[in-house]
Amino acid sequence: MRYVLIGNSIACVGAVEGIRANDKEGRITIVGKEKYPVYSRPLISYYLQGKVKERNLFYKTEAFYKDNGCEAMLGTEALSIDASRKTVKLSDGSVVPYDKLLVATGSSPFVPPMNGLEKVAIKHTFYTLDDARALQESVNQNSKVLIIGCGLIGLKCAECLKDLVNKITMVDFAEKILPACLDGKASGMVKLNLEENGIEVLLGTSVKEFEANSATLTNGKEVDFDAVVLAVGVRPNVSLVKDAGGAVGRGIVVDERMRTSLADVYAAGDCVENTDCVFGGCRVLALFPSAFTGGRVAGINMSGGNAANGMDFAVNSTKLFGQSIMTAGCMSGEQLETESTGYKALFVQDNKLKGYIIIDDIERAGIYTALIRNGTDLSTVDFEMLQRKPGLLAFDKEVRQSILGGEV
Amino acid sequence: MKRVYVKEEWCLGCHLCEYNCAFANSNERDMVSALKGKPWVSAVQIEESADVCFAVACRHCKEPLCVTACITGALTKAEDGSVRIDRDKCVGCHSCIMMCPYGAVVMDGNHVANKCQLCLTNKFGQPKCVEGCPNGAIVYEER
């Protein structure tokens, strides 16, 4: 059996583990566009801050590829898939045959057309390790930086630049920070924390026109800068599958087994659209755990096993300037704000927990996440107790016994 | 694999397991120098109400969700089935806390994740909480 994995990030690692759970012999070829062994993209901001040493950027040990019998073709890009001949054409001119193919091409920063952007000399995206290094080299203690986008990428970029530059201004078209995840109150708390850390945050406005070192915003304000970071969002890399005739929506369309519409071609990670079991529809989740799990499910199925990826939904957790931000599920149904040392809002619909937003008071929050994942009927638990403080005391003794007295 | 199992009907709520855990993972010579006058954290936590009390620690799940969500690779499932943490790699993003269905991952004073490793990585080699439990309310065995 010959496996080819396009993409060398977290979904790829999941797939290698999934394949090797069933098949110790098959040949695995990994095609990675970047020259580095698998590293964790969310760590690039910690790396610039000096909180993560270079060696700790890498998600797996150096021996990972060898131990798993993988041929890693790093610094090589897959150019096209021929689904009828079952081959992949690579940037080094070679054509690689496959029996089972995984497309784990991730996503790319999306830069919308903006007036005058071509006049800006120093502009960066903040997505790869090379992006982070280039940004670091182009700024100094006197720099003013304008960050377009108050999503996670923009926020983490602001955090790591804080001690490296003189001034940071963030601009977002949305009225809230992380609008898909936070309500007004949580967004306000995050904004206040950013401002207390010297970051200027301008919401509900966008750039009308760039000049070489300044931007005029739609609200009339002028922002001077030495460098611009474009962190508006990311788009799934779907073209390989699309050009090969595979079904593509906003992301690559996959079934529960992570199969694309092309025979023997699977996909996982940020490039796919998943069925969100809480949201109830298909969407691009582009999240770390979804990538790992999706990749693993694909790998198991590619190697003759049987696994389904049916329990995916949005989860986010980060720490920003000392403030913990954690969200899961959807903001649908009734919003219950509970007493908290920070901020805690739970969303309940049809007597089930559908989502939560927590600032700082995150202790044991995974118990809430499990209620969402399991679709637990809240009448079977002491939900009042759980609202105050998540714990296993709120569950029936039998449930608790199965957790603490058995294998889970 | 051998895990720590809880018999809640025998738990006295004495919290000795917490003290023993903090001591065992402190690298100090005795419990007093490990705990007295210092902030400490235990990877096992007692939950208690008027009627019932019991200890909660990592279940070393067959398919640990914390591992799938760890952005640094600090959390791994070892060959022996135990879920291990490399605290030098942890950046304190709390993804593991978000994912653990049992609330068994805690934060230490540096905001780095902390969890039960069954004392397999310290000098004791087997769970100190179990050894110190005066009433056999937690056991370390195959089930």
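Just so it is clear, the model here is predicted, and its values are computed rather than measured. Below, chain A is the first sequence line, B the second, and so on; all start at residue 1.
Shown here is B:Lys36, whose NZ atom has no more than 12 heavy atoms of other residues, nucleotides or ligands within 6.0 Å. Enclosure of atom CD in B:Glu63 is not indicated, since only 12 or fewer non-hydrogen atoms of other residues, nucleotides or ligands lie within 6.0 angstrom. Other residues, nucleotides and ligands contribute over 12 non-hydrogen atoms within 6.0 Å of the CD atom of B:Glu9. With a 6.0 Å radius and a threshold of 12 heavy atoms from other residues, nucleotides or ligands, B:Asp30 has its CG atom above the threshold. More than 12 non-hydrogen atoms from other residues, nucleotides or ligands lie less than 6.0 angstrom from NZ of B:Lys77. Heavy-atom contacts from other residues, nucleotides or ligands closer than 6.0 Å to CZ of B:Arg29 number 12 or fewer.
For A:Lys389, no part sits under 4.5 Å from any heavy atom of chain B, backbone or side chain. Residue B:Ile138 does not touch chain A at all, counting heavy-atom pairs closer than 4.5 Å. Contacts of B:Asp88 with chain A are made by both backbone and side-chain atoms, with heavy-atom separations under 4.5 Å. Residue contact with chain A, scored on non-hydrogen atoms closer than 4.5 Å, involves the backbone of B:Cys70 exclusively. Heavy atoms of B:Ala74 lying under 4.5 Å from chain A are absent altogether. Both the backbone and the side chain of A:Leu392 come within contact range of chain B, judged by heavy atoms closer than 4.5 Å. Using a 4.5 Å cut-off between heavy atoms, A:Tyr46 contacts chain B through its side chain alone, with no backbone atom that close. Only the side chain of B:Gln45 has a heavy atom closer than 4.5 Å to any heavy atom of chain A. For B:Val139, no part sits under 4.5 Å from any heavy atom of chain A, backbone or side chain. Only the side chain of A:Val52 comes within less than 4.5 Å of a heavy atom in chain B; its backbone stays farther off. Only the backbone of A:Thr327 comes within contact range of chain B, judged by heavy atoms closer than 4.5 Å. Contact of A:Thr318 with chain B is made through the backbone alone, with heavy-atom distances under 4.5 Å. Heavy atoms of B:Cys61 lying under 4.5 Å from chain A belong to its backbone as well as its side chain. At a 4.5 Å heavy-atom cutoff, the contact between A:Phe58 and chain B is made by backbone atoms alone.
The choice from A:Val13, A:Ile325, A:Asn316, A:Ile10 that makes the most heavy-atom pairs within less than 4.5 Å of chain B is A:Asn316. Among A:Pro390, A:Ser290, A:Gly391, the residue with the largest count of heavy-atom pairs under 4.5 Å with chain B is A:Gly391. Interface remark: of the candidates A:Ala328, A:Ala291, A:Gly14, A:Ala365, A:Ala365 forms the most heavy-atom pairs closer than 4.5 Å to chain B. Ranked by heavy-atom pairs under 4.5 Å with chain A, the first of B:Pro101, B:Gly92, B:Ala57 is B:Pro101. Counting heavy-atom pairs closer than 4.5 Å to chain B, the top residue among A:Asn374, A:Val315, A:Thr293 is A:Val315. For chain A, the option among B:Val4, B:Leu65, B:Val105, B:Thr76 with the highest count of heavy-atom pairs below 4.5 Å is B:Leu65.
Counting only heavy atoms from C-beta outward, the side chains of B:Val91 and A:Lys51 never approach each other to under 4.5 Å. Looking at A:Gln401 and B:Phe54, their side chains never come closer than 4.5 Å, going by heavy atoms from C-beta outward. Between B:Thr72 and A:Ser40 there is no side-chain heavy-atom pair separated by less than 4.5 Å. Between A:Glu363 and B:Met107, the closest side-chain pair of non-hydrogen atoms is not below 4.5 Å.
Across all non-hydrogen atoms, the minimal contact from B:Ala55 to A:Leu404 is O-CD1, 3.9 Å. Across every non-hydrogen atom of B:Ile97 and A:Ile362, the tightest pair is CG2-O, 3.3 Å. Residue A:Met326 comes nearest to B:His94 through the heavy atom pair CE-O, 3.5 Å, listed as atom of the first residue, atom of the second, then distance. In terms of heavy atoms, A:Ser317 sits closest to B:Cys93 at OG-O, 2.6 Å.
Using a distance-only test at 3.5 Å, with no hydrogens or angles considered, a donor-acceptor pair links the side chain of A:Arg364 to the main chain of B:Tyr102. Checking side-chain atoms of B:Arg59 against main-chain N and O of A:Glu407 turns up no donor-acceptor pair under 3.5 Å. At distances below 3.5 Å, not a single donor-acceptor pair connects side-chain atoms of A:Thr369 with backbone N or O atoms of B:Met99.
One finds the NZ atom of A:Lys319 at 12.5 Å from the OG atom of B:Ser95 (value rounded to the nearest 0.5 Å). Between the CG atom of A:Leu287 and the OG1 atom of B:Thr68 there is a distance of 11.0 Å, given to the nearest 0.5 Å. Remark: A:Ser324 OG to B:His111 NE2 distance equals 8.0 Å, nearest 0.5 Å. Rounded to the nearest 0.5 Å, atoms NZ (B:Lys89) and CZ (A:Arg55) are 9.5 Å apart.
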Take A:Arg400 and B:Glu47 through the test salt bridge (Lys or Arg N to Asp or Glu O under 4.0 Å) and record every step on the way to the result. CA-CA 12 Å; A:Arg400 198 159 60 230; B:Glu47 282 194 46; over 6 Å; no
